[in-house]
Each structure stands twice: as C-alpha cells, then as structure tokens.
S.K.: 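Okay, here's the structure, questions in a sec.
No hydrogens, no waters, no symmetry mates; every other heavy atom, side chains included, goes into these values. Below, chains carry the letters A, B, ... as their sequence lines are ordered, and counting in each starts from 1.
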Protein chains: 2
Amino acid sequence: MIDTNDSEFLSRIEDKSLLSKVMPGAAAAAMINAGDIIGISGFTPCGYPKITMHELAERMKQTPFQVDIWTGASTGSQIDTELVAVNGVRVRMPYQTNANLRKAINNGQVSYYDLHLSHVAQQVRAGFFTNVKGERVTGPDFAVVEACKIGPNGEIYPTTAIGNSPVYVDTAKKVIVEVNTTQPLGLVGMADIYMRKNPPHCEPIPILHAGDRIGKPYIKCDPSKIVAIVPCDMPDVTRALAPLDDDAEAMGNNLVEFLTNEVKHGRLPENLLPLQSGVGNVANAVIHGLVESRFKNLSVYTEVIQDGMFELIDKDKIDMISGTSLSPSPEGLKRFYDNIEKYNKKIVLRPQEISNNGEVVRRIGVIGMNTALEMDIYGHVNSTHVTGTKLMNGIGGSGDFARNAFLSCFFCHSSAKGGKISAVVPMCSHVDHTEHDTHVFISEQGVADVRGLSPKERAKVIINNVAHPSYRDQLMDYYERAVAACGHSQTPHILPEAFKFHESLAETGDMHFKK
Amino acid sequence: MIDTNDSEFLSRIEDKSLLSKVMPGAAAAAMINAGDIIGISGFTPCGYPKITMHELAERMKQTPFQVDIWTGASTGSQIDTELVAVNGVRVRMPYQTNANLRKAINNGQVSYYDLHLSHVAQQVRAGFFTNVKGERVTGPDFAVVEACKIGPNGEIYPTTAIGNSPVYVDTAKKVIVEVNTTQPLGLVGMADIYMRKNPPHCEPIPILHAGDRIGKPYIKCDPSKIVAIVPCDMPDVTRALAPLDDDAEAMGNNLVEFLTNEVKHGRLPENLLPLQSGVGNVANAVIHGLVESRFKNLSVYTEVIQDGMFELIDKDKIDMISGTSLSPSPEGLKRFYDNIEKYNKKIVLRPQEISNNGEVVRRIGVIGMNTALEMDIYGHVNSTHVTGTKLMNGIGGSGDFARNAFLSCFFCHSSAKGGKISAVVPMCSHVDHTEHDTHVFISEQGVADVRGLSPKERAKVIINNVAHPSYRDQLMDYYERAVAACGHSQTPHILPEAFKFHESLAETGDMHFKK
C-alpha cells in the first residue's frame, strides 16, 4: 500500500500549504463520528474514495457505529459491501446496485430513499434531508472525494466520475481528499464543473450542444475545509459486461431500424439527436447497434459512459460525449487509459446535476434509451421493484431523461429467467415511468411505437410487437376480458386479476399459468 | 347573433386586405372536410372558437362525418358537447373535463390520448401524431382560433387563453379566425407569444422571473393562410366554483402553516418561490389560504388563473402572475373584465409550451400544488383514472410542474362521496405521478412531508397525517400485514390485496370493509 511519503502522491498536491494535512486513511477515518453524514465521490464503481471508507469500516469493526452515506449513485465495495457488512450505514441515498447493500435495504437494515439523480444537489442545498437527529441539514458533515491531483489553491481535480462531488465539497463542513496515483493525470481537463445556485438565483444552463464546456476542470474548494489528504493506489474495480447475445443484437437492430425510419420521414435529423443510454448490458448492446449502423456525427448526452461509447469514438461516429461518469468494463477501462489522449478530447464529464438536467435534456432534444424491469400493456414502466416490493437498484437517472426527452424509448428482453418471467404484464407492480413519459418500446421481438395512441390501441401494439410470443395469448386474454368487463373505460382492467402474472410467479415460479 | 356587417366586428380587423375573408360561421365550417384535423384555441372554457365549431356540429347533423380535435386543454360546450353529441370527433387530445366527452372517451366513441400539456407543441411540430389515414403529420389541417382583433399584417391577438393556438396557427394548412366582440380590447398586451423551435434548434427560454415578457403580444400568421374570419358575440361560458367549505379552508391553513415553517428554517425565501396551482375547487381553496396569509410579494408561474389569483392582486400580495389561460368563475370573469386595466398589468398569458415548460419551472423553482384523485401509502398519485379504469379528466399540466418543481405538493380531501371513498389507498389503481415526484401531501387532516423518507417511513406519515381517521386502521392493518408478509422488501405489498379498497367500493359502494 502506498504510504504518505510516496513522491508521486506528494507531487500531485500542488498546494504545498496542504502538505500538513497528509495522513493515512486510518487517521482520516478516525475523524468521522457516529451520526455523521458522509457525501462521497463516485458514480458506478468509478471515482469513489477507496482507502478512507475501507478504514472507516475497519474502525467500525472495533467500535460499532453508524453514518449516513450520500453518494452520486452506486459506488465500490469498500462502501457498498464493507460498510454494510459492519452495519455501519444508517441511511443511504440516492442509488445503489450492490447485492449486499440491496439485501440490507430490503430487509430494513439500511434506510434508503430513491431520488431522480439530477435533483439531489438542489435538494441537498435546500436542506430537504435530515440527519440522525431528525434535523434538516444543508450539506454533509464530511465530503470524501477521490482526486487525481490537488491544484495550487486547493482545487480538486476529479477522476473517473463527477457525480455529486461538487455539491458535497461545496456544502460539507469538512473535506477529505484521496489522491489516487493509479488515476492518470491525463484525466485532467475532462471534467467540466459548473456550479448551480438554487432558485431564485438560477440562471439558464448555457449548454446548446452536448459537448459544450461551461465550467472549470476542477472542483473549487476552500483549502481550510480540507482536513485530510489521503494517499491511494487502488484502481477502480469496474464490472464486467455480458457478451452480446442474439437477443441483445436484435434489440440494437430494432432500434436502428426504427431510427432510420424516423430520419427517412424527417422526424429526426440525419445525425439523430443527442443520445442517452442507461447503464448495463442491454444499454451497452443498444449502443453497439449504433456502432454497426450507418449513422455518423452522433452526439451523446448521457449519464454513464460504457464501452460502446469508446467503440463509437474509435469508428469516428461521434462528435462529443457528455456524461457524469465512466463505467467501462475492466477491459474498457484499460482501453480508455491506454488511449486517454484520444478519448479525453471527445468526452466531457459533468456534475450529475448538469449531465442529467431536464432543462438541457429538453432543450437539446435527447433521445432517451432506458431499460425497463417490467412494462405493462398500457405503457407504464417499472424500473425499480421486483414484483412491486423488492428494490432492485433504484430509478437512477432514467426519470431525468425519460421525463424530458424528445423521444423516450424503453428497452427490455421480452422474457427473463428462462422464459418464466414476462417483461410485459397486465399492470406494472410498481410504476416509475408513467404512460405519459414513454413513446417507444423495444424488445428483441420488435418495436411498439405508441405515440399518439389511446391506451386500448397501445395495448394491442405492445402485446403483439414487444411481448414474448409465449405470453401473448395470456396478455390478450386479460386485455379482452378487461374490455368486456369494463369496456366503457379508457384503460380497461380487472383489478382482482391485474397482478395474476406476479401471483403465478410467486406460487409456481412461472408467470405462465393455466386458465 | 352578430352579422358580418357589424361595425364593431369589422373595426377589429385592422388588416383590411382580409375583409374579403369575412364570412358567417356556417360558411367557414363548410370548408372543413371529413378526416380533417382541427387545432383549436382555448384552454378551459375560455378563449375557444364558439361559432364555427357550433356550425360544424350543425352541419354534421345533416351529413355525419368526423374530424380530429386537437386543443390546448378542455374547451367549451360547442366542441366538447355539441360535436360529441353528433359523433363528430374521431380523435381528441390532449385534455378534457366535459361529462359528455368523458363518457364518449370511456365508451370508446372518441379515441383520446393524454399528454403532458407542455409537450404537445413540440410533438406536433415533430410529426408524432397521425391523421385518419395513419400518416404522421406535422400540424393540423385547420387552426380555428378566437381573437379579440386582427392586426394590420394579419397578427392574431388572442383572448382569454393562449394554449396551443400559436403552434396550431403556425403549423396548420389553413386558419379560421373568430373575432369575438365580447372579448374586450383591453386584453391586448396581456399575451406574450414566444415561439420555440424544435431540437436541435432550441435556445434557452430567457425567463428568469415569473413575469418576464419574452415574446410578442400577438400570434404571427401568414395572412394568406387565413381562409375565413368569422364574427362572434358569444361570451366565454365559464364554470362556477364551489363555495369554500371548512375542509377546503383547513387545507389552505395546513399549506400556509407548512410554508411558514419552511421560511422560518430558511428553506424558502420570505416571499416563497413562484407558485403553481392546479385547476378546480381544491386549487382555488388553496390559493384562498395564501390570500389570508401574511405572505407578500408573491409570484405565480402556473397554468390556469382562477378567482383566487384576482384576490391576491386585489390584496396587493402579488408581483406577477404567469399562466396560459384565465379560468375564472362567471363572477370572476365579470370582476376581471370590470378591472381589466389593473389585472392586465399583473398577468402574462403564454403558450402552454412556455407556461408549463420544465426548463423554466425548474430554473425559477416553482412550488407545485396539484390535486390528487387518489394517492397511496408510499406516495404515488393517481390524477386521471377513477378505480384505475375510467378517465376522469387527464393529466393536464400537473406532470409538467410536479416533475420539475422545487417542491411538489399534492392536495386532496381525505375522503369523498360522504366518506365512502378514501383518497389514501394501499396502492394507486393508476399512477400518474410517482413517488419520485411527490414531496408533500396535504389534506384537511394534516400534512405529510415525505422528503428524505424511505417508503416504510412514508407509509406511516401518510396514513397518520393525511388519511381520513375512519380509514387509518384499515390502511395500517394492510401496511403491517404487508410488512409481515414481505418485510424483507423496500416497499411491502400484498399484491392480491393491493386493490381491496377498490374492490370493496365496486362490491358494496364503500371502501370501508370488515376484516
């Protein structure tokens, strides 16, 4: 492990007055008290503080206590596994994806609230959230953030994710910076930190094109707030992506065919509009479809930058990519580091308040492409809760984009778990995106373009084009009986049967059932 | 009825080259063909074309045919009753409130789709919607709009509502203008028509304060597109407001108390932030609460301007009011006309694309105050569908505001129909606003401030503070059994029982039931 005398580490602290704050992670972690709120850097397992939070978990093994953890989104195992394993997290917001943390949230060990990711910063500044005493506070006690260097006046140069670091640094009482020597200095310049005030002092966000730079390459920080600078030499531990399968490829092809037709009819420009793509395997497959397409001069205004985006750059199909975080696979991260000068020029990393901001999303006309956990025959989407009860990950930025997109597309495999779960159900068991925020549904089966359709028209298109063939009869049977039972209604349902698919799954392990 | 030689009418047509287009409504209506899409002015029963649409209905009595009706929101009886009675409407979007039209929508006579009102204009320009042939079109065949005068170069000066008139006039093949002599010329100058281009050609909307004027007082129209100018002397027929009752007053008081506490803790400025208020009796009561409060120098950035807003002006509590439409009671309309010079200065009427635009709503930090049809224990809201199936009105602008508000409040009477319907249910039978878009719930019983609460915490606060006392045991019993049945979940539910309140209502006419 790197020590506090490491010359590479020390050379990255340009404000020499701060050298007195250098200490090992254990000493920094010792400053944190029970009940403190910790706002950390990181967004996906990129750019999160690795040493201090590990040492905090170690300390909690000796002396159990709890803190509140505010993040950008999901983070790394030091936070989402280690701190949870020692029962060190009282409250967590606004997003997560970790299996251990998910279990702790669902069983009530961790109190979690799920927020649109672009809204967190404003609500933190406004004092919407409470501490352990139930008092509403306007910032965390500590910001703990990863940096690739500290500038001559305490400027914090972030690494592979921006997330909520700017607001946490700005509003925290004290700041702990981890300078990570595994993060190349070639990252400097990729960040674009634009600080927003709360209403009534907001001005228009001056972004007209996805790649516009409007801020500074660093997070400004009053040096007197920096209480510790911790050396770190642990790399980001990113998640592998699943290999592309036939279904994923079919989804990508369906998207390209749909977009091609929109361009043909003049509803989209030749180079489309700025693309947003969710996180995960489906999202990556969708981007892969565009890599293989004829589209060029594309731009991306998204939250998370995955491997497919590097492919778009390598194939010279992209003008600019805006996001708040990298989230490549381990191979993708290596590819990025190896070609950082090339990718650096094409990528802008922004605070998630800006990367996901509805004002910009709407103005530049983003094509939103998000993943549905389940969807219903009328076009509502569940993104968060398995069978309506168990939290999967969280809404993340999907709502930021879907709500304000020019065109809002949702993707899903038509079935899961070997066909035993249908992605299309009569009624979503939890709604995160309403029928008003969804325009196009795409599965490996096809495309349901529901723009300008009444609910009854939507139902037929969704069942016939997107649902898995083995579920179509069951879905159409529900729909037809609902029409018969309450045909004199805009959105026919038989409430006592609305969740029969889910009930069948709970009883038999299969959403297929006999009449 | 006014005739085409009426001197007051003719004096209001300043572009004398257009005098040749003057004709009675029946002649204008005769130009409309089966299958045409008609985009009309009006938003609530204000500012809608009265003569041409009546004559169109008369014509359809002789020769039945159908047209598509695109509006701003709800309109008057000539459209929503008369045209529907002759089965003259094939498709209707994006909102309505009329009992006859509602029935026709629910029974499938009229195909209706429900849209966020601020999104309509962009989607019309983009060609999202189809005509009777199934072709996606970039505008209506006819725009039929009410004006108080026509300027020297064909400029259309709108009356008591703007709605979608600008986009319909801009994109229609032909334009029919009804010059309504009952609408005072004192209306001139109240409208602020800012035309927006679609992405990728959008610029920031330059509104920094609710009352900023950014456009022109008229709708620009190529005079060659004007095919008819019809005289009209029928006044707006607006809806009466219910008298304030104790419950409404309690809701208003609960709001004022909540806001006062926010100001006290520095979470809102002394003069609050721009207020948005939904339409109807509850909304009007809520505004009345503010009239009686100590708040001053308020501003309003809302969709519809009801009587309460005039009270705010009269009591000198308001800086500026922005909306897209007046919607006063008959007495309120008289009061407005009688004092038009005073009110004119304090009111800006914008296209609904701007009055409801998420970019502005978020920037200026609107306090959203909308009405829930039902809400559930976890904070989802149903605004549109009675028992999940029958369309009531539509989502209107509630989503435009709730999705982007600084603070999103929802109001409801805790029970309805003499106590037989509970506004709070275990699970909403239709979701229009998700848990992510709701911060504060207010009924006559109290306030549930759910900011920063996990779903389980929300449930207790909502049941105890907002639900009607006669339903609290039933709700808490559901919640506690759901926790017991699937306690290891973020959002406990018993799916087979989730709609038991609704099923009881269907079976017994009462949501109360015996265990």
S.K.: Please state whether the side chain, the backbone, both or neither of A:Glu435 comes within less than 4.5 Å of a heavy atom of chain B.
M.R.: side chain

S.K.: Show the numbers, then the answer: is there a side-chain contact (heavy atoms from CB on, under 4.5 Å) between B:Asp319 and B:Leu298?
M.R.: CA-CA 6 Å; B:Asp319 284 349; B:Leu298 299 171; over 6 Å; no

S.K.: Between A:His439 and chain B, with a heavy-atom cut-off of 4.5 Å, which part of the residue counts as in contact: side chain, backbone, both or neither?
M.R.: side chain

S.K.: Check whether A:Ser118 gets within reach of chain B through its side chain, its backbone, both or neither, counting any heavy atom under 4.5 Å.
M.R.: both

S.K.: Among A:Val483, A:Leu453, A:Thr130, A:Val360, which has the most heavy-atom pairs under 4.5 Å with chain B?
M.R.: A:Leu453

S.K.: Check whether A:Ala506 gets within reach of chain B through its side chain, its backbone, both or neither, counting any heavy atom under 4.5 Å.
M.R.: neither

S.K.: Does the side chain of B:Ile37 reach to within under 4.5 Å of the side chain of B:Arg90, using non-hydrogen atoms?
M.R.: no

S.K.: Please flag which part of A:Leu208 lies under 4.5 Å from any non-hydrogen atom of chain B: side chain, backbone, both or neither.
M.R.: side chain

S.K.: Check whether A:Lys103 gets within reach of chain B through its side chain, its backbone, both or neither, counting any heavy atom under 4.5 Å.
M.R.: neither

S.K.: Does the side chain of A:Arg458 come within less than 4.5 Å of A:Ile377's, by heavy atoms?
M.R.: no

S.K.: Does the plane of the ring in B:His116 sit parallel, tilted or perpendicular to the ring in B:His119? Use 30° and 60° as the thresholds.
M.R.: tilted

S.K.: For the candidates B:Val431, B:Thr434, B:Leu495, which exhibits the highest count of non-hydrogen atom pairs separated by less than 4.5 Å from chain A?
M.R.: B:Leu495

S.K.: Where on A:Gln123 is there a heavy atom nearer than 4.5 Å to chain B: the side chain, the backbone, both, or neither?
M.R.: side chain

S.K.: With rounding to the nearest 0.5 Å, note down the distance linking CD in A:Glu262 to CZ in B:Arg136.
M.R.: 6.5 Å

S.K.: Look at the aromatic rings of A:His385 and A:His430 and report parallel, tilted or perpendicular, splitting at 30° and 60°.
M.R.: parallel

S.K.: If we only count heavy atoms from C-beta on, is the A:Leu117 to A:Leu115 side-chain gap below 4.5 Å?
M.R.: no

S.K.: Do A:Phe128 and B:Phe406 have ring centres separated by under 6.0 Å?
M.R.: yes

S.K.: Using non-hydrogen atoms and a limit below 4.5 Å, what part of residues 263-274 of chain B faces chain A?
M.R.: B:Arg267, B:Pro269, B:Leu273

S.K.: With a 6.0 Å cut-off on ring centres, are B:Tyr301 and B:His209 close enough?
M.R.: no

S.K.: Side chains of A:Asp449 and A:Val461, heavy atoms from C-beta outward: is any pair under 4.5 Å?
M.R.: no

S.K.: Quick check on side-chain contact (heavy atoms from CB on, under 4.5 Å): which of B:Val137, B:Val91, B:Val110 does B:Asp68 satisfy it with?
M.R.: B:Val91

S.K.: Side chain, backbone, both or neither: which part of A:Arg196 has a non-hydrogen atom closer than 4.5 Å to chain B?
M.R.: side chain

S.K.: Under a 4.5 Å heavy-atom cut-off, does chain B meet the side chain of A:His380, its backbone, both or neither?
M.R.: side chain

